[in-house]
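See structure below.
Hydrogens, waters and symmetry mates play no part in the numbers below; they use all other heavy atoms, side chains included.
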Amino acid sequence: MEFMKKIEEISKIVGSTASSTYNTVADKSGKLIEETKLKLAISDKEADIEKIYQEMGKTVYDMYKNGEDVGKAFTKECKKIDKDNKDISDMNTKILYNKGVRVCAVCGEIIPVESTFCQNCGEKQKPVKLKVDKKGSKKEEEKNEDKVCPTCGQICEGKAKFCAKCGYQFDK
């Protein structure tokens, strides 16, 4: 009988411990789920704030482009954007040039790089001048700045003063 009483007491202790453990785990799980939900909500709010920052920056830049005064600090940053946009444009020009094409400055049509006139709108095209990284040597710069003769469309070396095909003088 005493053996059964001890088993009964142990059962009550085990049951009580199991119940307590379950309540603790359930409580911690609930808190963990709540924490995860709160962290997701915080992340969403941070993303919203980042989007607002970007919109604010775009608004300031648009004001700057429209000639409005945006203050000294913002003007400095806007000029950095202008420089980066110019660099992007130069890189896109080089990509097209490497494919043997360019964009007509008047109508935006893609035309062969050696074209003297646009095949779409008929406008005369200026020679293509490519910017080279300043990291390269002078000889590499001269070699990479090819020119397109506006008279005959011949591609000439960047250092050329005259077109090898028709004699057009580049540096007038």
Side-chain angles (χ1 to χ4, degrees), residues 28-151 153-163 168-172:
K28 286 185 178 181
S29 294
K31 287 181 180 178
L32 186 61
I33 290 170
E34 181 66 20
E35 180 182 341
T36 302
K37 286 181 182 178
L38 289 170
K39 284 183 177 180
L40 284 171
I42 288 169
S43 179
D44 287 344
K45 291 294 181 188
E46 288 173 340
D48 290 345
I49 290 170
E50 197 60 38
K51 186 175 179 183
I52 291 168
Y53 283 157
Q54 289 176 355
E55 287 299 317
M56 287 171 58
K58 176 134 177 42
T59 300
V60 170
Y61 185 71
D62 288 343
M63 290 170 58
Y64 163 79
K65 291 303 273 185
N66 290 328
E68 297 178 43
D69 181 30
V70 293
K72 216 174 194 178
F74 289 125
T75 298
K76 183 179 175 184
E77 296 306 312
C78 289
K79 287 183 178 184
K80 288 179 185 177
I81 292 172
D82 286 346
K83 183 190 176 309
D84 287 345
N85 281 331
K86 174 73 172 110
D87 290 345
I88 289 168
S89 175
D90 290 345
M91 287 182 248
N92 280 326
T93 298
K94 191 165 188 170
I95 288 169
L96 290 174
Y97 180 82
N98 288 338
K99 292 179 178 180
V101 293
R102 64 178 169 163
V103 177
C104 172
V106 177
C107 71
E109 184 75 17
I110 301 292
I111 58 175
V113 74
E114 66 276 355
S115 296
T116 305
F117 293 91
C118 175
Q119 59 199 20
N120 185 54
C121 69
E123 287 293 317
K124 188 168 183 167
Q125 301 298 302
K126 293 180 181 177
V128 176
K129 291 185 180 178
L130 299 177
K131 240 186 179 180
V132 178
D133 278 345
K134 294 176 182 172
K135 296 174 187 174
S137 69
K138 292 267 185 193
K139 286 185 180 180
E140 286 177 330
E141 277 186 38
E142 290 174 355
K143 203 183 285 184
N144 290 331
E145 285 187 27
D146 289 345
K147 299 176 185 174
V148 177
C149 177
T151 305
Q154 176 71 27
I155 298 174
C156 303
E157 288 186 24
K159 64 184 177 182
K161 294 180 182 175
F162 295 90
C163 174
Y168 174 82
Q169 185 177 355
F170 288 112
D171 304 318
K172 287 185 178 179

Search all heavy atoms of Asp69 against all heavy atoms of Met63 and return the closest pair with its distance.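 Here Asp69 and Met63 meet closest at O-CE, 4.5 Å.
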For residues Lys147 and Ala160, report the shortest heavy-atom separation together with the two atoms involved. NZ-O, 3.1 Å
Kindly determine whether Lys94 and Asp90 satisfy side-chain contact (heavy atoms from CB on, under 4.5 Å), including the steps that lead there. CA-CA 6 Å; Lys94 191 165 188 170; Asp90 290 345; over 6 Å; no
Going by atom type alone, with no hydrogens or angles, which donor-acceptor pairs under 3.5 Å involve a side-chain atom of residues 41-58 and a protein atom two or more places apart or on another chain?
from  : atom 1 : to    : atom 2 : distance (Å)
Lys58 : NZ     : Asp62 : OD1    : 3.3
Lys58 : NZ     : Asp62 : OD2    : 3.2

Using the rule given for salt bridge (Lys or Arg N to Asp or Glu O under 4.0 Å), can you reason through Glu34 versus Lys37, listing the C-alpha separation, both sets of side-chain angles and the distance that settles it, and then say yes or no? CA-CA 5 Å; Glu34 181 66 20; Lys37 286 181 182 178; 5.1 Å; no
Output side-chain donor-acceptor pairs under 3.5 Å for residues 111-127, partner residues at least two apart or in another chain, one line each.
from   : atom 1 : to     : atom 2 : distance (Å)
Ser115 : OG     : Pro112 : O      : 3.0
Gln125 : NE2    : Glu123 : O      : 3.0

Glu35 bridged to Lys31 by N-O distance under 4.0 Å: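 Looking at Glu35 and Lys31, the cut-off is not met.
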Salt-bridge present (Lys83, Asp87; N to O < 4.0 Å):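 A salt bridge is present here (some side-chain N lies under 4.0 Å from a carboxylate O).
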Please work out whether the ring planes of Phe170 and Tyr168 are parallel, tilted or perpendicular, with thresholds of 30° and 60°.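 The arrangement is perpendicular - the two ring planes meet at more than 60°.
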Do any N or O atoms from the side chain of Ser89 and from the backbone of Asn85 form a donor-acceptor pair under 3.5 angstrom? no
Ile95/Asn92 under side-chain contact (heavy atoms from CB on, under 4.5 Å): CA gap, chis, key distance, verdict: CA-CA 5 Å; Ile95 288 169; Asn92 280 326; 4.1 Å; yes
Tell me, with the steps shown, if Lys86 and Asp82 meet side-chain contact (heavy atoms from CB on, under 4.5 Å). CA-CA 6 Å; Lys86 174 73 172 110; Asp82 286 346; over 6 Å; no
OG1 on Thr75 to OH on Tyr61, rounded to 0.5 Å: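 Going from OH on Tyr61 over to OG1 on Thr75, the span is 11.5 Å.
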To the nearest 0.5 Å, atom CD1 of Ile110 lies from atom SG of Cys104 at 10.0 Å
